[in-house]
Amino acid sequence: MNRRDFLRLAAVTVATSAVPLAGCGDTSSAAPLSTDPADVARVFPQGIASGDPTWESVVLWTRVEGAASGDRIGYEIALDEAFTQVVARGEASTDADRDHTVKIKPVGLSPYTTYWYRFVGLGVASPVGRTRTAPEPGQDVPVRFAFASCQDFVGRYFHSWRALVERHADDLDFVVHLGDYVYETDGDQDFQTPGEGRSITLPDGLALGEAQGSGRAAVTLADYRSLYRQYRNDEWLKRAHQLFPFVNIWDDHEFGNDCWQDHTTHFDEKQGDEKSTAQREAADRAWFENQPADVAYVEGASFPNDIRIYRGLRWGQHVEMFMIDDRFYRADHLVPEGPIDLEVGKFSANSSLGSRNFVLKSGFDAREEKARPSLLGAEQKQWLADGVRGSDATWKIIGSGVQLAQMAVDLSGFPLLPAQFRAEFYFSCDQWDGYRSERTDLLRSLSSVENLLAIAGDIHAFYAGELHVDFDAQAEPMAAEFVVAGISSASVQEITQATVDSSPTLSALGLGSLVGQFDTLLQSSNPHNRYARSMANGVAVMTVDRSNGVEVEFLQLDPKAVRSADWDGAVDVARFRVDAGSSRIRRV
Ligand SMILES: [Fe+2]
C-alpha cells in the first residue's frame, strides 16, 4: 500500500476525518480503550457487519448503543487481524435519528483482498470483523458463496448459521441473504411457535386478532428497528456477519406477510385493503439502517422513491449476480382474498386459500393470461433482462426472494377426493406462479443466455429444479434453480400440515395424510423438479470451480433441531452439479 493508494481511501457515505483516531490502533495514543466483553456487549450489542463488496469497496456497519451526535465513532481497516498494517482509518458519527447505526463505504481498496475492520465508540473497541473485496471482472478465480433465507427468531434457534460457520469459516467469499431476515410478527399462529428464551418484543405493535391468536405485527419505525436489534443479537448470526460480507435483499416479512408494494395481507381483506404507506416506509428505513447494503436511501422521500434495493454483484470472471426485489413493485395477488371465487377454487371468504395458496390452476391460468400482473415492475424487468443478456460473466445468477419454478400440486389422480379437489393447483401464487406471463416473457427473453442460474428462498424447503419457458410443455430446460430452506422458519410441510389439521373441512377430506407425502406429490406434479425436501432447515453453498462447473451443497438440519437451544451438530448434506454449457442438474 503506497502513499498514493492510501490517500485514495475515503469513506463516502459519512463525513470522515483524516486525523488518526486516538486509541484506534494508534499506539502513541494515551486514550485507553476497553475490550472488556461486558463493555463490548453493552456498546456493540449487534456486533459488526460488512456487505455489498465490489473490487474497490465494501460497506462496513455497526450500531453503537447510546451514541449521540457529537460522539466520534472511529473505524480502522487493516490487512491483518492484529491491525499492524492499517490501510484506512477515519471517523463517522451517528445518533438516535438513525438508531445509532453507522454505515461507511471505504473506496480505493484492492481487489480480491481480505481485510479486517473494527470500530471504536464511547471508549470501547468493537469486535474485529473480516471481509473481502471482489475480484475484478477479468480475474479468473473460483467462487464460493452461501445463500440463506427465512430466519424466524420466535421459539427458534439459528443452528444453521453455526453449521455454515463450522464448515466454511475460511473458504467462503460472501453470503447472499434472500430475505425474511426478520419476521414482522411475534406470535402469528399460522407459522410461529413461541418458545422459552426466544421471544421478541415490539414497542408498539398491531394486534392480529382472533385469526392469529395473540400475535402482534410490527407497524411503527420503533417496531421495525427493534426487530433488527433483537435478531442481530443472536450469537451465530453475528458470527456469520463477522466472518463474511453479506449481500441482502428483502422478501415479504421485512415489511408484512405476503406483501405487495405498500400493502400487507394480515387480515385477508376482512378490514378492506391493507394499504399502509407509512408502515412500508418505516420498514424500508429500518432495513436501510441495519443492512450493510450499498443502496441509495432518500430520507423524507415517499414510497416507492425512498429506496431501491435491486442491484448487481460482480465477482470476477465467473459470477455476476442479479439481486431482484420481488415485493416493492409487484401487482396485487390476482385473486382477491375477500370473496368466495369457485372458478379459481376459492371456497371460503377472507382467506389466503384459493387466493394466494392452493389456487386452481385452470381457472387461474385463464384469468392470469388476460390480466398479466407484473412481479418486477417494468423498470426492474428491463434492468434484469438487459443485465443478464449483456453480462460477460461465465455464470449469470438471479437472486430472487421467491421461487421461479412452477410448483403445482396435482390431485387429479386421487379418486376419493371430492370432484372439485381432483384437479391441478398452484401451491402458492405468492411465488412466480402467480405472475406466470411475466415469467414466461422474462425466461423467453433469456433463453439464449448460456449458463443461467437462479437461487431463491421464501418457501421453507430445499428444492433443485430446472427452469422452462413453458413449464407445462417441458422442452429443454433453459436454467437451473436452487431453493434454500429457512435458517430456522417452520418448514413448508409443517406449515401445510398445521393448516390442514386446523381446518375441519380440509381434514375431513383426508388431505392430512396427503401432506405426509408432500415431496412425492410435488415431484410427480412437477417433472422439472430434481430434488425436494420440504421438511428441513438449513443453508446452501454454491461453488464455481476450476472447470467452471457449479456445485451446490444443501446443508440440511432436522426441523426439530432448530426448536431447541441445544444442537447435536447433525447435518445431512445433499450435493448437486450443473456443468458449464448445461442447465441439467445432477445429484453427486
Ligand atoms: Fe419465510
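Not measured: the values here are computed from a predicted model. As the structure lists them, so they are numbered: ligands from 1, and atoms in each ligand from 1. Below, all heavy atoms of this structure are taken into account, side chains as well, without hydrogens, waters or symmetry copies. Here, residue 1 is the first one in the sequence, and each next residue gets the next number.
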Is there an N/O/S atom in D458 that lies less than 2.8 Å from the Fe ion (ligand 1)? no
Taking the cut-offs as 6.0 angstrom to the six-membered ring centre and 45 degrees off its axis, would you call R198 and F153 a cation-pi pair? yes
Please determine, by modelled atom types, if N350 and E269 share a side-chain donor-acceptor pair under 3.5 angstrom. no
To the nearest 10 degrees, how large is the angle at the Fe ion (ligand 1) between H460 NE2 and D180 OD2? 170°
Checking only N/O/S atoms, does S489 have one that is under 2.8 Å from the Fe ion (ligand 1)? no
Walk me through it: do S437 and E368 pass the test side-chain hydrogen bond (donor to acceptor under 3.5 Å, both in side chains)? CA-CA 7 Å; S437 296; E368 200 277 344; 2.5 Å; yes
Given SG of C150 on one side and OH of Y183 on the other, what angle do they make at the Fe ion (ligand 1), to 10°? 100°
Do Q431 and S428 pair up side chain to side chain, a donor and an acceptor below 3.5 Å, judged on atom types alone? no
